[in-house]
Amino acid sequence: MHHMTLAEIARGLADKKFSSVELTQTLLARIAQLDPQINSFISLTQDLALGQAKAADERRANGESGALLGAPIAHKDLFCTQGIRTSCGSKMLDNFKAPYDATVVAKLAAAGAVTLGKTNMDEFAMGSANESSWYGAVKNPWNLEHVPGGSSGGSAAAVAARLLPAATATDTGGSIRQPAAFTNLTGLKPTYGRVSRWGMIAYASSLDQGGPLARTAEDCAILLQGMAGFDPNDSTSIDEPVPDYSASLSGSLQGLRIGVPKEYFSAGLDPRIAELIHNSIKALEKLGAVIKEISLPNMQHAIPAYYVIAPAEASSNLSRFDGVRFGYRCENPENLEDLYKRSRGEGFGSEVQRRIMVGAYALSAGYYDAYYLKAQKIRRLVKNDFMTAFNEVDIILGPTTPNPAWKLGAKSSDPVAAYLEDVYTITANLAGLPGLSMPAGFVDGLPVGVQLLAPYFQEGRLLNVAHQYQLNTDWHTRTPTGF
Ligand code: GLN
């Protein structure tokens, strides 16, 4: 049962081959048996899951249908879940039970999805390896000595290990697409504003966006359908109708113009990954796509700009965790200042503290113009590059990451080395564009992802290309040994 995709589960439930309760019990048992190897969950919500599964079965018995009705999923542990620990991977929020559901959580619950638990993540979504979680590192099911990517590493590892078919995730600089690439999944970061951020604990508010992680484009379409849409509670949510994503899967790729930026293939890209990307280009050409070389000249400035803007916003967002209103509070504070200092010093891990310091520095009087304002100007140049490119092409294709998943600990002592791995994903967040990563092959037994980027609100186009690709390749069907 655990090998089924969301689409297969929906068909099986509709045909009464099994019930949601049976499926939920099977997957909960599988998680209990296998998760200790990969550490992909922070909390399990068995009672909630079985109650939701029972309710979904009843709704189906009463004639209701729907692709998510009775489908088991999990939420990255930064989506607030009412009455359930929402830790953000941090000691700071280990004791925090959210007083309300995030919009994404509420929408998926209303659609009948069953929440199996909350998945592990880098602390406050800062990272690319899922090693900064207070709950311990997540392991990559493809090789337990390697990282699964981050910050949505728990969601990715759980889906890759077939503990469940799909999970929610978030992407501030690549945290859906990069773990998708590292674990052989399909992951979609929607256009900024497409999915509500209400109840999603903020890292960098102008970059954060929730989206689906699953094994196929077809499943990403199903999960995104349940997540997307206008939310009056989120002032950056966009009031645009949500298209039928599953209906967009089937279009032909004849004449599709694919832009391949020449900057993507510079030194720094593992040549074995470059070869796999060229293979996926050939596969899409066979389906009728036309390839065109393009240029994104400001791409080289994106990492430094992102690593000013994201920490700046984080330093502001994380100021609310002060030991007073919620979260961790230090023992026996001597006075208010001591309370603030020790609660934050003891509650936040080192990567979070580093980013708060960098961000506060970049925003301070005298440095604001030199760093923050300059980074914002680069952000506009990055966006302009994309706008120019999309005058000539329909989508942009390239690698998701320059290297496959590295060994646990390999970059822990050198944060900048990890930041550099975000080179292909960060630009889409700076510009607010949608991006998707899908399986493209293996290097040394580790998965490799190919990334597709599209103009604003063209998630359907990305899913269409990925689905057609997946009808003609079988990388996405490969399963890690032992799972
Ligand atoms: N690796 C990037 C960072 O550490 C992106 C993280 C994310 O998308 N949440 O900031």
Side-chain angles (χ1 to χ4, degrees), residues 75-79 88-90 119-133 137-138 147-156 167-182 187-190 192 195 197 200-213 302-318 348-359 362 375 379 400-403 405-406 410-412 414-437 449 451 453:
H75 293 295
K76 184 175 182 178
D77 204 18
L78 54 54
F79 286 99
C88 229
S90 183
T119 55
N120 204 343
M121 55 180 285
D122 275 307
E123 185 176 8
F124 284 97
M126 297 172 186
S128 315
N130 216 129
E131 292 181 288
S132 75
S133 169
V138 178
V147 302
S151 62
S152 314
S155 290
T168 61
T170 62
D171 191 311
T172 302
S175 284
I176 292 177
R177 292 161 288 157
Q178 185 254 21
F182 280 9
L188 173 64
K189 174 206 122 39
Y192 183 76
V195 170
R197 292 184 298 108
M200 217 175 90
I201 295 175
Y203 163 16
S205 310
S206 77
L207 302 159
D208 297 342
Q209 187 59 201
L213 261 173
I303 288 184
Y306 172 90
Y307 279 99
V308 169
I309 293 169
E313 294 185 16
S315 73
S316 168
N317 277 325
L318 271 59
F348 288 137
S350 57
E351 183 62 23
V352 174
Q353 294 190 23
R354 177 181 297 120
R355 302 222 188 170
I356 291 173
M357 284 192 282
V358 168
R379 184 172 191 174
T400 308
T401 63
N403 294 294
W406 53 89
K411 294 187 198 286
S412 326
D414 184 359
V416 175
Y419 301 168
L420 293 173
E421 298 289 321
D422 295 337
V423 59
Y424 298 117
T425 49
I426 263 172
T427 50
N429 302 78
L430 289 173
L433 292 167
L436 176 148
S437 179
Q451 176 177 245
L453 303 173

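In listed order, ligands and their atoms are each counted from 1.
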Quiz item: Any idea which atoms of ligand 1 are less than 4.0 Å away from a heavy-atom of Tyr307?
Solution: 1 (N), 2 (C), 3 (C), 4 (O), 10 (O)
Quiz item: Atom CG of Leu318 and atom SG of Cys88: how far apart are they, to the nearest 0.5 Å?
Solution: 8.0 Å
Quiz item: Can an N or O of Arg355 be found at a distance shorter than 3.5 Å from an N or O of ligand 1?
Solution: yes
Quiz item: Side chain of Ser90, backbone of Glu123: donor and acceptor closer than 3.5 Å?
Solution: no
Quiz item: For atom 2 (C) of ligand 1, which candidate among Thr170, Thr172, Asp422 holds the nearest heavy atom?
Solution: Asp422
Exercise. Could you tell me which atoms of ligand 1, counted from 1 in the order shown, lie closer than 4.0 angstrom to a heavy atom of Tyr203?
Key: 3 (C), 9 (N), 10 (O)
Self-check item: Sub-4.0 Å atoms of ligand 1 with respect to non-hydrogen atoms of Gly173
Solution: 5 (C), 7 (C), 8 (O)
Exercise. Show which atoms of ligand 1 fall inside a sub-4.0 Å distance from at least one heavy-atom site of Tyr306.
Key: 2 (C), 3 (C), 5 (C), 6 (C), 10 (O)
Practice problem: With sequence neighbours left out, write down each residue that passes salt bridge (charged side-chain N to carboxylate O under 4.0 Å, His left out) with Glu351, or none if nothing qualifies. | Solution: Arg354, Arg355
Exercise. Would you please say whether a donor-acceptor pair under 3.5 Å links the side chains of Thr401 and Gln178?
Key: no
Quiz item: What is the distance from atom OH of Tyr307 to atom CD1 of Ile426, rounded to the nearest 0.5 Å?
Solution: 4.5 Å
Quiz item: Lys76 and Ser155: side-chain donor and acceptor closer than 3.5 Å?
Solution: no
Quiz item: Any non-hydrogen atom of Ala310 lying under 4.0 Å from ligand 1?
Solution: no
Quiz item: Can you list the ligand 1 atoms lying under 4.0 Å from a non-hydrogen atom of Ala125?
Solution: 6 (C), 7 (C), 9 (N)
Quiz prompt | From Ser151 atom OG to Leu78 atom CG, the distance as rounded to the nearest 0.5 Å | solution = 7.0 Å
Practice problem: Could you please spell out the steps behind the ring pair (Phe, Tyr, Trp, His ring centres under 6.0 Å) verdict for Tyr419 and Tyr306? | Solution: CA-CA 10 Å; Tyr419 301 168; Tyr306 172 90; 8.5 Å; no
Quiz prompt | ligand 1-proximal atoms of Glu351, by part, heavy-atom distance under 4.0 Å | solution = neither
Quiz item: Just which atoms of ligand 1 are under 4.0 Å from any heavy atom in Ser175?
Solution: 5 (C), 6 (C), 7 (C), 8 (O), 9 (N)
Quiz prompt | Ser128: numbered ligand 1 atoms lying under 4.0 Å from its heavy atoms | solution = 1 (N)
